[in-house]
There are 4 protein chains.
Amino acid sequence: MPTKKKPQVTGAAPARRRELLRTAAEVFAEQGYNATTVRTIADQAGMLAGSLYYHFDSKESMLEEILHTFLDELWDGYDAVLEAGLGPRGTLQALVTESFKEIDRHRAAVAIYQKESRQLAAQERFAFLAESQSKFEKAWLTTLERGVADRVFRDDLDVRLTYRFVRDTVWVAASWYRPGGQHSPEEIARQYLSMVLDGIAVRE
Amino acid sequence: MPTKKKPQVTGAAPARRRELLRTAAEVFAEQGYNATTVRTIADQAGMLAGSLYYHFDSKESMLEEILHTFLDELWDGYDAVLEAGLGPRGTLQALVTESFKEIDRHRAAVAIYQKESRQLAAQERFAFLAESQSKFEKAWLTTLERGVADRVFRDDLDVRLTYRFVRDTVWVAASWYRPGGQHSPEEIARQYLSMVLDGIAVRE
Amino acid sequence: MPTKKKPQVTGAAPARRRELLRTAAEVFAEQGYNATTVRTIADQAGMLAGSLYYHFDSKESMLEEILHTFLDELWDGYDAVLEAGLGPRGTLQALVTESFKEIDRHRAAVAIYQKESRQLAAQERFAFLAESQSKFEKAWLTTLERGVADRVFRDDLDVRLTYRFVRDTVWVAASWYRPGGQHSPEEIARQYLSMVLDGIAVRE
Amino acid sequence: MPTKKKPQVTGAAPARRRELLRTAAEVFAEQGYNATTVRTIADQAGMLAGSLYYHFDSKESMLEEILHTFLDELWDGYDAVLEAGLGPRGTLQALVTESFKEIDRHRAAVAIYQKESRQLAAQERFAFLAESQSKFEKAWLTTLERGVADRVFRDDLDVRLTYRFVRDTVWVAASWYRPGGQHSPEEIARQYLSMVLDGIAVRE
DNA sequence: GATGAATGAGAATTCATTCAT
DNA sequence: GATGAATGAATTCTCATTCAT
């Protein structure tokens with residue numbers, strides 16, 4: 001993350017910054033990035049629109065930092081899972097669980113990611129989104145394929161299609177999940193895994 | 001659909017209208033409604049921005065008509081399924097299949113719906129989105145609950161959560177589905193249903 | 001000059017464009033480019049600030065077009081002089097005379113050039129200013145050096161310094177010259193040449 | 001120079017002030033007054049923008065002080081010349097020489113003066129610029145006219161035009177002069193005077 | 001003397017929309 | 001049906017300036 005003239009990411013007193021980013025993320029998630037005006041963010045933060053520019057270069061750089069921070073943390077979790085050598089089924093379970101935990105902690109960022117990443121990824125500045133996306137895809141496909149090879153997962157399903165369904169369902173949950181609601185992330189993960197692994201039909 | 005001063009919906013030359021709406025839908029889907037300028041649509045249609053206003057009241061009315069048309073057709077299909085008395089499992093299968101078919105025919109509209117409906121639904125003008133949404137929810141919940149009661153679907157899953165997962169996965173497919181690609185809508189539906197009904201894990 | 005989406009330089013109906021550019025040039029010359037707001041230009045042109053953007057991409061592109069147009073015309077004149085084979089003294093006279101004529105026709109553009117070109121030349125977009133500058137320098141230096149070689153100009157003067165003095169004096173005239181004032185450009189050129197060639201001191 | 005609330009001009013630590021003004025002058029000269037932000041000056045001085053306001057009332061007051069200081073010193077020199085009773089030719093030579101010396105010492109201030117004085121002079125605060133200008137004009141015109149009367153200068157040249165040419169050429173040198181370059185101010189003055197007095201053409 | 005965080009008044013620019021032709 | 005030219009409101013961003021600490 002670049003530092004130019006403004007204090008950006010200086011490490012010193014990132015408290016206000018982080019607070020402002022939380023506010024911005026909330027608004028972006030709710031109204032969409034384009035539909036959000038900096039004035040709305042500033043209002044929400046109790047300051048004037050221009051004042052935001054003391055802390056950030058631009059509206060876009062806020063977005064970038066929100067997504068970057070989120071993906072950094074996400075991959076900390078994913079990498080730990082992937083290096084744990086859990087076997088295909090265990091890995092899948094851990095990835096899903098980890099994902100719902102991230103949704104719990106970064107609901108707004110996930111919602112933004114979900115809605116905007118396709119368009120953003122085309123911009124150089126947001127190339128990291130595309131990178132993350134393909135790393136993500138590789139991790140999932142590998143896991144699914146190993147599972148099929150190990151006869152843990154069915155081999156009559158199209159792995160790529162399955163990947164897409166799983167990927168989307170997990171993340172789209174950010175659009176309805178409310179932290180502190182009736183279901184904990186772990187509970188949601190359990191239910192989701194049960195559905196995806198064993199299906200919703202009763203076995204005879 | 002309202003008529004004000006302009007010939008709108010006059011029945012005369014609805015061909016051009018429909019063509020323009022298709023163009024608009026494509027652009028809305030690709031760039032997002034807010035990020036789309038009427039000029040982009042007009043460029044795509046080979047005319048000047050101002051000229052669109054001969055055909056439509058506003059950018060918003062284009063959006064409305066796109067979504068309305070789509071939902072009308074969607075419910076034609078759904079209603080037929082729901083009235084066919086297929087039983088819970090059959091209904092679920094038919095609803096999913098119908099959905100993928102709609103994605104095939106109205107990919108752009110579905111993508112727009114997916115991305116914008118939450119925000120739009122708050123506006124009076126787009127109240128029909130909320131209506132459709134709740135009708136949709138009722139249909140699905142009823143189907144799932146009847147399935148549980150009939151011991152066709154597992155009763156250890158939270159019906160509401162299951163509904164959300166199924167709902168989202170189906171529609172989110174619009175974001176990656178390309179008509180004329182390798183998978184037909186029927187094939188995608190079959191794969192999806194297989195996963196959701198029986199799970200991806202191998203049964204012992 | 002690039003054409004993207006806007007009618008720019010389309011050749012069709014350049015009347016309004018040219019008029020607007022004249023207005024803009026006048027204001028830029030009077031207040032300085034940075035100190036000029038697009039609103040001022042628009043006011044002067046009897047329209048709203050935003051309306052200017054129907055005709056031009058940006059304030060900067062107005063500036064660019066003003067300077068480019070001016071330099072194009074200027075070099076038409078200079079090239080004709082340089083190719084006429086007039087000999088050093090004749091060439092110098094013709095260049096000076098041509099310059100004052102250009103000041104007469106493009107007073108505003110010359111004033112802008114004079115004041116802003118140094119800063120602008122650093123920007124890629126205004127690289128043509130630097131090019132013109134060095135072409136200009138080459139033409140003058142060559143003329144002066146040939147004059148010295150031919151014993152038409154004194155050889156005890158530093159050619160480079162002389163060039164600078166001559167160059168600046170000519171152009172700086174744009175800051176006080178008023179078209180239609182008491183002195184015609186030809187008269188000014190004659191006086192200036194008399195001073196530079198023969199000096200202001202009385203010969204004994 | 002006014003004192004309001006801040007210690008300004010207190011005599012205490014005028015060193016820092018002078019240093020800051022030198023820095024500001026440098027930046028103003030390079031980027032233009034309007035295009036210069038107080039932050040750039042502060043950066044250059046190793047402090048934050050707000051801190052400048054401990055030393056100065058405003059950006060404008062920095063500019064005023066820079067120009068005032070320069071003109072005060074300039075007139076010290078000019079007045080000495082004008083009172084020395086050197087005769088028209090000697091006076092002209094001394095004025096030019098003095099001017100190039102001032103450019104050597106106050107390059108930045110001269111460059112600023114050259115670029116901004118016309119606009120500034122309109123403001124009440126900068127009325128001293130106009131005063132200086134007219135005093136300057138009077139001194140030159142008187143000298144030239146006396147020279148013509150004494151048959152030291154040619155009488156077939158328009159005195160006013162000659163004045164303008166001389167005035168501009170001298171000052172515009174600030175735009176290319178670099179202190180410590182190959183030519184000393186005295187050398188430049190000599191060359192310039194030789195050109196203006198005797199012309200660049202070879203005498204037969 | 002200096003910092004950090006803000007203010008507030010513009011600035012350029014965008015864009016949906018209008019309307020005479 | 002369409003064009004060309006404009007409107008006007010909103011938007012992002014800039015920057016001189018203030019002030020408590």
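Order of the sequence lines sets the chain letters (A, B, ...), proteins ahead of strands, with each chain counted from 1. Side chains are part of it too, since the values below use all heavy atoms of this structure and drop only hydrogens, waters and symmetry mates.
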Rounded distance in Å - CZ (C:Phe56) to P (E:dA12): 15 Å
Which nucleotide in F:dG4, F:dT17, F:dT12 has an atom nearest any side-chain atom of D:Ser58: F:dT17
4.5 Å side-chain heavy-atom contact, D:Glu64 and D:Phe128: yes
Atom pair distance, as rounded to whole Å: CG in B:Leu48 and C1' in F:dG1: 12 Å
Separation of atom CG in A:Asp43 from atom P in E:dG8, rounded to whole Å: 13 Å
B:Thr37 side-chain proximity, nearest of F:dA2, E:dC15, F:dT17: E:dC15
Pair B:Glu19 + B:Arg16, salt bridge at N-O below 4.0 Å: yes
Consecutive-pair stems (at least three Watson-Crick or G-U pairs, under 3.5 Å) that include DNA chain E: E:2-21 with F:2-21
Listed nucleotide nearest any side-chain atom of A:Val38, set F:dT12, E:dT7, F:dT3: F:dT12
Any D:Ser51 side-chain nitrogen or oxygen under 4.0 Å from OP1 or OP2 of E:dT3: yes
A:Phe70 vs A:Ile112 side-chain heavy atoms within contact, under 4.5 Å: no
Side-chain touch A:Leu21/A:Phe56, heavy atoms, less than 4.5 angstrom: yes
B:Arg16, nearest nucleotide to its side chain (from E:dT13, E:dA2, F:dA2): F:dA2
C:His55 side chain, from C-beta outward: closest of F:dA6, F:dC13, E:dT3: F:dA6
Sugar-phosphate only, base, or nothing, as touched by D:Thr36 at under 4.0 Å among non-hydrogen atoms: sugar-phosphate
Of the listed nucleotides E:dT17, E:dT13, E:dA5, the one nearest the side chain of B:Ala49: E:dT17
Side chains of D:Lys115 and D:Ser175 in contact at under 4.5 Å (non-hydrogen atoms): no
Between E:dA12 (C1') and C:Leu63 (CG): distance, integer Å: 15 Å
From E:dT18, E:dA6, F:dA5, nucleotide with atom closest to B:Tyr53 side chain: E:dT18
Protein-nucleotide distance (D:Met47, atom CE; E:dA5, atom P), rounded to Å: 18 Å
Earlier contact from the 5' end, DNA chain F, for C:Gly50 and D:Ala35: C:Gly50
Comparing C:Lys59 and B:Glu60 on DNA chain E - which has the more 5′ nearest nucleotide: C:Lys59
Value in whole Å for how far the P atom of E:dT14 lies from CG of A:Asn34: 14 Å
Between C1' of F:dA5 and CG of C:Leu52, the distance in whole Å: 12 Å
Flag side-chain contact, heavy atom, 4.5 Å: B:Phe126 against B:Gln119: no
Presence of salt bridge, A:Glu26 and A:Arg107, under 4.0 angstrom: yes
Partner residues of C:Phe28 under the ring-ring contact (aromatic ring centres under 6.0 Å, His included) criterion, sequence neighbours left out: C:Tyr33
Distance, rounded to the nearest Å, where C:Arg39 contributes CZ and F:dT7 contributes C1': 14 Å
Short side-chain N/O contact from C:Tyr54 to OP1 or OP2 of F:dA5, under 4.0 Å: yes
